[in-house]
Amino acid sequence: MAFETTLPGRWFYDPAIYEREQERLFGRMWTYVGRADALPHPGDFLTVDLGGENVLVVRGKDGAVRAFLNVCRHRGARLCLEPCGTAGAVIQCPYHAWSYGLDGRLLGAPNIGPGERLDRDGLGLHPVALEEWEGLLWVTLAEDPAPLAAQLEPPLVDRFGELAKFARYGIGGLAVGRSISYDVAANWKLVVENFMECYHCAPVHPELTRLLPEFRNGTSYQGIVGQGTAFAGDIDGFTLSGAGGRATLPGLLPTDERLYYGFVLWPNLFVNLLPDHVILHRLLPTGPETCSVVCDWLFTPEEIARPGFDPTDTVEVFDITNKQDWEVCERTQLGMRSRAYKDGGFYVTNEQHIAGFRDLVLAKVGEPAAVLAGD
Ligand code: FES
Ligand SMILES: [Fe+2]
(Lines give C-alpha, C1' and ligand atoms only; values in the text may rest on other atoms or scores of the structure.)
(Ligands and ions follow the chains in the order given, each with its own letter.)
Protein backbone atom coordinates (compact mmCIF):
# COMPACT_ATOMS: atom_id res chain seq x y z
CA MET A 1 0.00 0.00 0.00
CA ALA A 2 1.30 3.40 -0.90
CA PHE A 3 1.31 5.82 1.98
CA GLU A 4 -0.24 9.25 1.63
CA THR A 5 2.32 12.05 1.47
CA THR A 6 2.37 15.16 3.65
CA LEU A 7 2.55 18.72 2.43
CA PRO A 8 6.04 19.84 1.38
CA GLY A 9 8.22 21.37 4.08
CA ARG A 10 7.77 24.84 2.64
CA TRP A 11 4.11 24.83 3.65
CA PHE A 12 5.21 24.96 7.23
CA TYR A 13 7.41 28.06 7.13
CA ASP A 14 6.98 30.12 3.94
CA PRO A 15 5.45 33.56 4.72
CA ALA A 16 3.81 33.71 1.24
CA ILE A 17 2.01 30.42 1.86
CA TYR A 18 1.06 31.58 5.34
CA GLU A 19 -0.42 34.77 3.96
CA ARG A 20 -2.37 32.88 1.35
CA GLU A 21 -3.59 30.45 3.99
CA GLN A 22 -4.78 33.37 6.09
CA GLU A 23 -6.63 34.86 3.15
CA ARG A 24 -8.16 31.71 1.69
CA LEU A 25 -8.54 29.35 4.62
CA PHE A 26 -8.88 31.42 7.80
CA GLY A 27 -10.33 34.27 5.79
CA ARG A 28 -13.17 32.10 4.50
CA MET A 29 -13.89 29.31 6.97
CA TRP A 30 -15.67 29.74 10.28
CA THR A 31 -13.00 29.97 12.99
CA TYR A 32 -13.43 29.48 16.72
CA VAL A 33 -12.27 32.70 18.40
CA GLY A 34 -13.36 32.50 22.05
CA ARG A 35 -15.97 31.60 24.59
CA ALA A 36 -19.22 33.51 24.93
CA ASP A 37 -18.92 33.40 28.72
CA ALA A 38 -15.62 35.29 28.45
CA LEU A 39 -17.79 38.31 27.54
CA PRO A 40 -20.39 38.30 30.32
CA HIS A 41 -21.37 42.00 30.23
CA PRO A 42 -22.29 44.54 27.54
CA GLY A 43 -19.10 46.20 26.32
CA ASP A 44 -16.89 43.19 27.07
CA PHE A 45 -14.75 42.47 24.03
CA LEU A 46 -12.04 40.31 22.60
CA THR A 47 -9.89 40.85 19.54
CA VAL A 48 -8.34 38.28 17.25
CA ASP A 49 -6.06 38.32 14.20
CA LEU A 50 -7.76 36.40 11.47
CA GLY A 51 -7.40 36.21 7.72
CA GLY A 52 -5.17 39.27 7.57
CA GLU A 53 -7.67 41.32 9.57
CA ASN A 54 -8.07 42.14 13.23
CA VAL A 55 -11.58 41.32 14.39
CA LEU A 56 -13.35 42.92 17.34
CA VAL A 57 -15.95 40.74 19.09
CA VAL A 58 -18.15 42.59 21.56
CA ARG A 59 -21.28 41.98 23.58
CA GLY A 60 -24.02 44.52 22.96
CA LYS A 61 -26.50 46.20 25.29
CA ASP A 62 -29.11 43.76 24.02
CA GLY A 63 -26.97 40.82 25.12
CA ALA A 64 -26.07 39.76 21.58
CA VAL A 65 -22.44 39.23 20.66
CA ARG A 66 -21.35 40.83 17.38
CA ALA A 67 -18.12 41.01 15.43
CA PHE A 68 -16.65 43.89 13.44
CA LEU A 69 -13.45 44.77 11.68
CA ASN A 70 -11.45 46.50 14.38
CA VAL A 71 -10.86 49.59 12.25
CA CYS A 72 -12.14 53.12 12.70
CA ARG A 73 -14.05 54.34 9.65
CA HIS A 74 -12.50 57.82 9.93
CA ARG A 75 -8.77 57.39 9.32
CA GLY A 76 -8.34 53.72 10.05
CA ALA A 77 -7.02 53.56 13.61
CA ARG A 78 -7.36 50.25 15.37
CA LEU A 79 -10.09 50.72 17.95
CA CYS A 80 -9.17 48.16 20.61
CA LEU A 81 -5.55 47.08 20.96
CA GLU A 82 -5.90 44.65 23.85
CA PRO A 83 -6.65 40.94 23.34
CA CYS A 84 -9.66 41.39 25.64
CA GLY A 85 -11.21 44.02 27.86
CA THR A 86 -14.25 46.20 28.44
CA ALA A 87 -15.16 49.04 26.13
CA GLY A 88 -17.87 50.51 28.34
CA ALA A 89 -21.10 51.84 26.86
CA VAL A 90 -19.53 52.84 23.53
CA ILE A 91 -16.46 51.99 21.50
CA GLN A 92 -14.55 55.21 21.21
CA CYS A 93 -11.62 55.67 18.87
CA PRO A 94 -8.73 57.23 20.83
CA TYR A 95 -7.50 59.18 17.78
CA HIS A 96 -10.23 61.77 17.03
CA ALA A 97 -12.86 60.39 19.41
CA TRP A 98 -15.40 59.03 16.98
CA SER A 99 -17.68 56.80 19.00
CA TYR A 100 -19.55 53.70 17.93
CA GLY A 101 -22.38 51.87 19.62
CA LEU A 102 -21.77 48.30 20.74
CA ASP A 103 -23.89 47.38 17.72
CA GLY A 104 -21.37 49.09 15.44
CA ARG A 105 -23.39 52.21 14.57
CA LEU A 106 -21.50 55.49 14.39
CA LEU A 107 -22.90 57.55 17.24
CA GLY A 108 -20.65 60.56 17.41
CA ALA A 109 -18.05 62.39 15.35
CA PRO A 110 -16.89 65.51 17.20
CA ASN A 111 -16.73 68.95 15.65
CA ILE A 112 -18.50 68.07 12.44
CA GLY A 113 -21.37 70.38 11.88
CA PRO A 114 -24.73 69.36 10.41
CA GLY A 115 -23.84 71.26 7.26
CA GLU A 116 -20.89 69.02 6.57
CA ARG A 117 -23.19 66.18 5.57
CA LEU A 118 -21.32 63.29 7.16
CA ASP A 119 -23.14 60.08 6.22
CA ARG A 120 -23.28 58.70 9.73
CA ASP A 121 -25.60 55.87 8.79
CA GLY A 122 -23.11 54.58 6.27
CA LEU A 123 -20.10 54.86 8.55
CA GLY A 124 -20.76 52.13 11.08
CA LEU A 125 -18.13 49.50 11.80
CA HIS A 126 -17.83 46.83 9.13
CA PRO A 127 -19.73 43.79 10.43
CA VAL A 128 -18.20 40.32 10.46
CA ALA A 129 -20.40 37.21 10.55
CA LEU A 130 -20.54 35.59 13.98
CA GLU A 131 -22.37 32.57 15.33
CA GLU A 132 -22.42 31.01 18.77
CA TRP A 133 -22.34 27.22 19.00
CA GLU A 134 -22.21 25.30 22.27
CA GLY A 135 -21.10 28.48 24.05
CA LEU A 136 -18.28 29.01 21.56
CA LEU A 137 -17.97 32.08 19.34
CA TRP A 138 -17.12 31.49 15.68
CA VAL A 139 -16.53 34.19 13.11
CA THR A 140 -15.95 34.20 9.38
CA LEU A 141 -14.77 36.93 7.06
CA ALA A 142 -16.58 35.29 4.15
CA GLU A 143 -18.94 37.70 2.39
CA ASP A 144 -21.98 35.47 2.24
CA PRO A 145 -21.17 32.53 4.50
CA ALA A 146 -23.06 29.26 4.75
CA PRO A 147 -24.40 28.66 8.28
CA LEU A 148 -21.84 27.47 10.83
CA ALA A 149 -23.71 24.19 11.17
CA ALA A 150 -22.85 23.36 7.56
CA GLN A 151 -19.19 23.40 8.55
CA LEU A 152 -19.46 21.65 11.94
CA GLU A 153 -22.10 18.99 11.51
CA PRO A 154 -20.53 16.85 8.76
CA PRO A 155 -17.31 16.22 10.75
CA LEU A 156 -19.37 15.49 13.89
CA VAL A 157 -21.38 12.91 11.97
CA ASP A 158 -18.15 11.52 10.53
CA ARG A 159 -16.76 11.13 14.03
CA PHE A 160 -19.82 9.84 15.88
CA GLY A 161 -22.10 8.50 13.17
CA GLU A 162 -24.82 10.82 14.52
CA LEU A 163 -25.13 14.22 16.18
CA ALA A 164 -27.00 12.99 19.26
CA LYS A 165 -24.03 11.18 20.75
CA PHE A 166 -21.97 14.37 20.78
CA ALA A 167 -24.92 16.46 21.95
CA ARG A 168 -25.23 14.33 25.09
CA TYR A 169 -22.09 15.99 26.48
CA GLY A 170 -23.95 19.31 26.66
CA ILE A 171 -20.83 21.38 26.12
CA GLY A 172 -22.84 24.61 25.92
CA GLY A 173 -23.94 24.15 29.54
CA LEU A 174 -20.42 23.68 30.90
CA ALA A 175 -18.16 26.34 32.37
CA VAL A 176 -14.41 26.86 32.52
CA GLY A 177 -12.78 25.40 35.62
CA ARG A 178 -9.23 26.05 34.47
CA SER A 179 -7.63 27.63 31.43
CA ILE A 180 -4.00 27.52 30.31
CA SER A 181 -2.46 29.37 27.35
CA TYR A 182 0.55 28.11 25.46
CA ASP A 183 2.78 29.62 22.80
CA VAL A 184 4.08 27.01 20.38
CA ALA A 185 7.04 27.51 18.05
CA ALA A 186 5.54 25.43 15.26
CA ASN A 187 3.30 26.00 12.27
CA TRP A 188 -0.35 25.55 13.21
CA LYS A 189 -0.79 22.65 10.78
CA LEU A 190 1.82 20.58 12.60
CA VAL A 191 -0.22 21.04 15.77
CA VAL A 192 -3.42 19.95 14.03
CA GLU A 193 -1.74 16.92 12.49
CA ASN A 194 -0.21 15.97 15.80
CA PHE A 195 -3.57 16.09 17.53
CA MET A 196 -5.13 13.94 14.84
CA GLU A 197 -2.83 10.97 15.32
CA CYS A 198 -1.80 8.80 18.24
CA TYR A 199 1.07 7.08 16.48
CA HIS A 200 3.24 9.25 18.74
CA CYS A 201 1.32 8.46 21.93
CA ALA A 202 3.38 5.47 23.11
CA PRO A 203 6.77 7.18 22.84
CA VAL A 204 5.64 10.69 23.83
CA HIS A 205 2.76 10.35 26.32
CA PRO A 206 3.46 7.85 29.13
CA GLU A 207 0.96 9.55 31.46
CA LEU A 208 -1.84 9.61 28.86
CA THR A 209 -1.28 6.03 27.75
CA ARG A 210 -1.24 4.90 31.38
CA LEU A 211 -4.87 6.05 31.52
CA LEU A 212 -5.78 5.11 27.94
CA PRO A 213 -3.66 2.02 27.18
CA GLU A 214 -5.30 1.39 23.80
CA PHE A 215 -3.39 4.45 22.56
CA ARG A 216 -0.17 2.46 22.88
CA ASN A 217 -1.01 0.68 19.65
CA GLY A 218 -0.75 3.98 17.77
CA THR A 219 -4.38 4.24 16.69
CA SER A 220 -6.06 7.56 17.40
CA TYR A 221 -9.58 6.27 16.73
CA GLN A 222 -10.35 9.69 15.24
CA GLY A 223 -10.73 8.07 11.86
CA ILE A 224 -13.07 5.35 13.14
CA VAL A 225 -16.74 6.29 13.29
CA GLY A 226 -18.21 6.20 16.78
CA GLN A 227 -15.11 4.73 18.36
CA GLY A 228 -13.97 6.01 21.75
CA THR A 229 -10.87 4.96 23.67
CA ALA A 230 -11.41 2.87 26.80
CA PHE A 231 -10.04 3.82 30.21
CA ALA A 232 -7.48 1.46 31.76
CA GLY A 233 -9.31 -1.21 33.74
CA ASP A 234 -7.78 -0.15 37.04
CA ILE A 235 -8.58 3.57 37.00
CA ASP A 236 -11.70 5.32 38.25
CA GLY A 237 -11.19 8.68 36.59
CA PHE A 238 -9.16 10.64 34.06
CA THR A 239 -6.72 11.99 36.62
CA LEU A 240 -2.97 11.56 36.97
CA SER A 241 -3.45 9.13 39.84
CA GLY A 242 -6.44 7.45 38.21
CA ALA A 243 -8.65 8.46 41.13
CA GLY A 244 -12.28 9.23 40.31
CA GLY A 245 -14.95 11.02 42.28
CA ARG A 246 -16.50 13.56 39.92
CA ALA A 247 -20.11 13.13 38.87
CA THR A 248 -20.75 11.97 35.33
CA LEU A 249 -22.03 14.72 33.00
CA PRO A 250 -25.81 14.80 33.27
CA GLY A 251 -26.71 13.91 29.67
CA LEU A 252 -24.52 10.86 29.30
CA LEU A 253 -25.60 7.24 29.01
CA PRO A 254 -23.94 4.36 30.86
CA THR A 255 -22.31 3.38 27.56
CA ASP A 256 -20.53 6.75 27.43
CA GLU A 257 -18.70 6.17 30.69
CA ARG A 258 -15.07 5.10 30.81
CA LEU A 259 -14.44 6.39 27.30
CA TYR A 260 -12.37 9.21 25.84
CA TYR A 261 -13.20 10.80 22.48
CA GLY A 262 -10.80 13.19 20.77
CA PHE A 263 -11.23 14.92 17.44
CA VAL A 264 -10.55 18.13 15.56
CA LEU A 265 -13.20 20.45 14.19
CA TRP A 266 -11.22 22.13 11.43
CA PRO A 267 -9.71 24.55 11.25
CA ASN A 268 -8.88 25.21 14.88
CA LEU A 269 -10.89 23.49 17.62
CA PHE A 270 -9.69 20.31 19.32
CA VAL A 271 -12.33 18.50 21.36
CA ASN A 272 -11.66 16.02 24.16
CA LEU A 273 -14.72 14.37 25.68
CA LEU A 274 -14.53 12.59 29.02
CA PRO A 275 -17.30 11.23 31.23
CA ASP A 276 -17.04 14.04 33.81
CA HIS A 277 -15.44 16.94 31.95
CA VAL A 278 -14.57 18.27 28.52
CA ILE A 279 -11.32 19.81 27.33
CA LEU A 280 -11.25 22.23 24.40
CA HIS A 281 -8.15 23.52 22.65
CA ARG A 282 -8.40 26.74 20.64
CA LEU A 283 -5.54 26.97 18.18
CA LEU A 284 -4.70 30.17 16.36
CA PRO A 285 -1.76 30.78 14.03
CA THR A 286 0.41 33.72 15.09
CA GLY A 287 2.92 33.52 12.25
CA PRO A 288 4.33 31.10 9.66
CA GLU A 289 6.25 29.22 12.35
CA THR A 290 4.32 29.99 15.53
CA CYS A 291 0.87 29.53 16.99
CA SER A 292 -0.97 29.92 20.25
CA VAL A 293 -3.18 27.41 22.00
CA VAL A 294 -5.71 28.13 24.74
CA CYS A 295 -6.81 25.02 26.57
CA ASP A 296 -10.02 25.18 28.61
CA TRP A 297 -11.07 22.48 31.07
CA LEU A 298 -14.88 22.52 31.32
CA PHE A 299 -17.02 21.19 34.13
CA THR A 300 -20.65 21.51 35.13
CA PRO A 301 -21.40 24.74 37.00
CA GLU A 302 -22.50 22.56 39.94
CA GLU A 303 -19.11 20.86 40.04
CA ILE A 304 -17.30 24.20 39.92
CA ALA A 305 -19.53 25.59 42.70
CA ARG A 306 -18.78 22.64 44.94
CA PRO A 307 -16.82 23.71 48.06
CA GLY A 308 -13.16 23.00 47.56
CA PHE A 309 -13.45 22.46 43.79
CA ASP A 310 -9.96 21.87 42.48
CA PRO A 311 -9.47 20.46 38.98
CA THR A 312 -5.70 20.12 39.27
CA ASP A 313 -5.73 16.32 39.32
CA THR A 314 -7.30 16.14 35.87
CA VAL A 315 -5.81 19.36 34.47
CA GLU A 316 -2.31 18.03 34.98
CA VAL A 317 -2.98 15.06 32.67
CA PHE A 318 -3.57 17.20 29.61
CA ASP A 319 -1.22 19.97 30.70
CA ILE A 320 1.57 17.37 30.68
CA THR A 321 0.24 15.92 27.42
CA ASN A 322 0.01 19.36 25.83
CA LYS A 323 3.60 20.24 26.71
CA GLN A 324 4.80 16.92 25.34
CA ASP A 325 2.89 17.61 22.13
CA TRP A 326 4.26 21.11 21.73
CA GLU A 327 7.77 19.79 22.22
CA VAL A 328 7.49 17.28 19.39
CA CYS A 329 5.73 19.83 17.16
CA GLU A 330 8.57 22.31 17.79
CA ARG A 331 11.11 19.57 17.09
CA THR A 332 9.32 18.84 13.81
CA GLN A 333 9.28 22.53 12.90
CA LEU A 334 13.08 22.43 13.05
CA GLY A 335 13.08 19.92 10.21
CA MET A 336 10.75 21.76 7.87
CA ARG A 337 13.41 23.93 6.20
CA SER A 338 15.74 21.04 5.51
CA ARG A 339 16.29 19.91 1.93
CA ALA A 340 15.53 16.45 3.34
CA TYR A 341 11.91 17.56 3.80
CA LYS A 342 11.61 19.58 0.62
CA ASP A 343 9.05 17.17 -0.78
CA GLY A 344 7.54 16.41 2.63
CA GLY A 345 7.17 13.11 4.41
CA PHE A 346 4.37 10.57 4.61
CA TYR A 347 1.59 9.35 6.82
CA VAL A 348 1.82 5.70 7.94
CA THR A 349 -1.23 3.48 8.26
CA ASN A 350 -2.27 4.89 11.63
CA GLU A 351 -2.07 8.40 10.21
CA GLN A 352 -3.84 7.99 6.88
CA HIS A 353 -6.86 10.00 8.03
CA ILE A 354 -4.65 13.09 8.33
CA ALA A 355 -4.62 13.15 4.53
CA GLY A 356 -8.14 14.58 4.85
CA PHE A 357 -6.73 17.63 6.60
CA ARG A 358 -3.96 17.97 4.03
CA ASP A 359 -6.61 17.85 1.32
CA LEU A 360 -8.67 20.53 3.06
CA VAL A 361 -5.64 22.81 3.13
CA LEU A 362 -4.91 22.10 -0.53
CA ALA A 363 -8.54 22.69 -1.49
CA LYS A 364 -8.63 26.03 0.30
CA VAL A 365 -5.16 27.31 -0.41
CA GLY A 366 -4.33 25.73 -3.74
CA GLU A 367 -1.91 23.13 -5.02
CA PRO A 368 1.74 23.70 -4.04
CA ALA A 369 2.88 24.48 -7.57
CA ALA A 370 0.15 27.09 -8.01
CA VAL A 371 0.89 28.66 -4.65
CA LEU A 372 4.61 28.88 -5.29
CA ALA A 373 3.98 30.33 -8.73
CA GLY A 374 1.84 32.98 -7.08
CA ASP A 375 -1.36 32.06 -8.95
S1 FES B 1 -9.14 57.49 13.18
FE2 FES B 1 -10.68 57.06 14.58
S3 FES B 1 -11.55 58.93 15.04
FE4 FES B 1 -10.03 59.40 13.59
FE1 LIG C 1 -0.08 13.97 21.55
Side-chain angles (χ1 to χ4, degrees), residues 45 47 54 56 58 68-81 87-88 90-101 104-112 116 118-120 122-126 180 182 184-223 229 238 240 260-264 269-274 279-281 283 291 293 295 315-333 347-348 350-351 353-354 357:
F45 72 84
T47 62
N54 188 268
L56 171 65
V58 62
F68 307 99
L69 298 183
N70 190 8
V71 180
C72 182
R73 294 296 304 278
H74 172 222
R75 295 251 313 282
R78 182 164 293 185
L79 295 163
C80 300
L81 291 176
V90 296
I91 300 162
Q92 187 168 56
C93 179
Y95 196 173
H96 313 90
W98 280 28
S99 58
Y100 301 89
R105 278 184 305 129
L106 177 63
L107 298 180
N111 297 321
I112 296 175
E116 296 183 66
L118 183 71
D119 173 21
R120 289 172 197 245
L123 288 174
L125 300 178
H126 276 290
I180 302 180
Y182 308 86
V184 187
N187 180 276
W188 71 280
K189 298 189 292 301
L190 292 181
V191 177
V192 172
E193 295 192 332
N194 175 74
F195 191 84
M196 288 183 68
E197 51 98 353
C198 223
Y199 187 41
H200 70 275
C201 287
V204 173
H205 297 314
E207 296 81 6
L208 183 69
T209 52
R210 160 74 188 90
L211 304 177
L212 305 172
E214 289 177 346
F215 275 162
R216 292 194 189 117
N217 69 17
T219 305
S220 77
Y221 302 97
Q222 293 188 32
T229 308
F238 192 78
L240 207 53
Y260 163 86
Y261 291 94
F263 56 99
V264 180
L269 171 62
F270 304 169
V271 182
N272 307 267
L273 304 178
L274 290 145
I279 308 163
L280 301 179
H281 295 73
L283 164 68
C291 58
V293 181
C295 191
V315 166
E316 55 193 359
V317 175
F318 247 93
D319 185 35
I320 290 169
T321 303
N322 285 339
K323 288 171 180 157
Q324 292 163 336
D325 279 328
W326 314 151
E327 192 179 328
V328 290
C329 289
E330 291 177 347
R331 178 182 287 267
T332 305
Q333 186 67 39
Y347 305 119
V348 300
N350 272 323
E351 303 169 309
H353 58 287
I354 302 177
F357 174 65

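Counting convention: from 1, in listed order, for ligands and their atoms alike.
Among the backbone and side-chain atoms of H96, an N, O or S atom lies under 2.8 Å from atom 4 (Fe) of ligand 1. Atom 2 (Fe) of ligand 1 has no N, O or S atom of H74 inside 2.8 Å of it. Taking 2.8 Å as the criterion, C201 does not count as a coordinating residue of the Fe ion (ligand 2), since none of its N, O or S atoms falls below it. Look at H200 and the Fe ion (ligand 2): an N/O/S atom of the residue is under 2.8 Å from the metal.
The W98 neighbourhood of ligand 1 comprises atoms 3 (S), with distances under 4.0 Å to a heavy atom of that residue. Close contacts of ligand 1 with C93, meaning ligand atoms under 4.0 Å from a residue heavy atom, involve 1 (S), 2 (Fe), 3 (S).
The aromatic ring centroids of W188 and F357 lie less than 6.0 Å from each other. In summary, the aromatic rings of H281 and F318 are positioned with their centroids under 6.0 Å apart.
The number of heavy-atom neighbours closer than 6.0 Å to CG of N111, taken from other residues, nucleotides and ligands shown, is 12 or below.
The aromatic rings of Y260 and F215 lie perpendicular to each other, with more than 60° between the two planes, well past the 30° mark.
The shortest non-hydrogen separation linking P206 to T209 is O-OG1, 3.3 Å.
Between the SG atom in C93 and the CZ atom in R73 there is a gap of 13.0 Å [rounded to 0.5 Å].
In D325, the N, O or S atom that comes nearest to the Fe ion (ligand 2) is OD1.
In this structure, atom 1 (S) of ligand 1 lies nearest to the protein heavy atom R75 N, 3.4 Å.
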